[in-house]
Amino acid sequence: MTLESVTPRHAAAIGLVAFVPVLVYAVTNSVLAGVVSGINLLLIYGSLYVAMSPVEGGHGHDHDGSGTAS
């Protein structure tokens, strides 16, 4: 698999690897801080997942720059 064949949504999913240090921090230092960091991480991942989802009906503009869909 090459980098060009990876979809943006799959690339965003790689960000879930960030749960590993959050989990380690929660276990070793502060459970509350780990939970808050985990919630923040889920919010960021969810936002990226939604932002990179396909748009039904296109983006609402033509390629000629007129701003109207045909």
Side-chain angles (χ1 to χ4, degrees):
M1 178 186 287
T2 63
L3 187 58
E4 290 82 18
S5 65
V6 176
T7 64
R9 290 180 103 181
H10 287 116
I14 300 215
L16 292 177
V17 174
F19 268 115
V20 174
V22 167
L23 185 62
V24 169
Y25 184 78
V27 170
T28 59
N29 290 340
S30 172
V31 175
L32 180 61
V35 169
V36 170
S37 297
I39 291 170
N40 287 334
L41 191 59
L42 282 175
L43 288 172
I44 292 167
Y45 171 71
S47 299
L48 287 172
Y49 189 80
V50 169
M52 294 187 186
S53 63
V55 178
E56 286 192 32
H59 293 285
H61 60 80
D62 289 335
H63 291 287
D64 63 359
S66 66
T68 59
S70 55

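Across all their heavy atoms, Ala33 and Ser30 have their closest contact at N-OG, 3.2 Å. Nearest heavy atoms, Ala26 versus Gly34: CB-CA, 3.6 Å. The two atoms that bring Gly38 and Val22 nearest to each other are N-CG1, 3.8 Å, heavy atoms only.
Each of Val36, Leu43, Leu41, Leu42 was evaluated against Ile39; a single residue qualifies, Leu43, per the side chain to side chain contact (heavy atoms under 4.5 Å, CB included) test.
Each of Tyr49 and Ile44 belongs to its own hydrophobic cluster when Ile, Leu, Val, Met, Phe, Trp and Tyr are linked at side-chain heavy-atom distances under 4.5 angstrom. With hydrophobic clusters built from ILVMFWY side chains whose heavy atoms lie under 4.5 angstrom apart, Tyr45 shares a cluster with Phe19.
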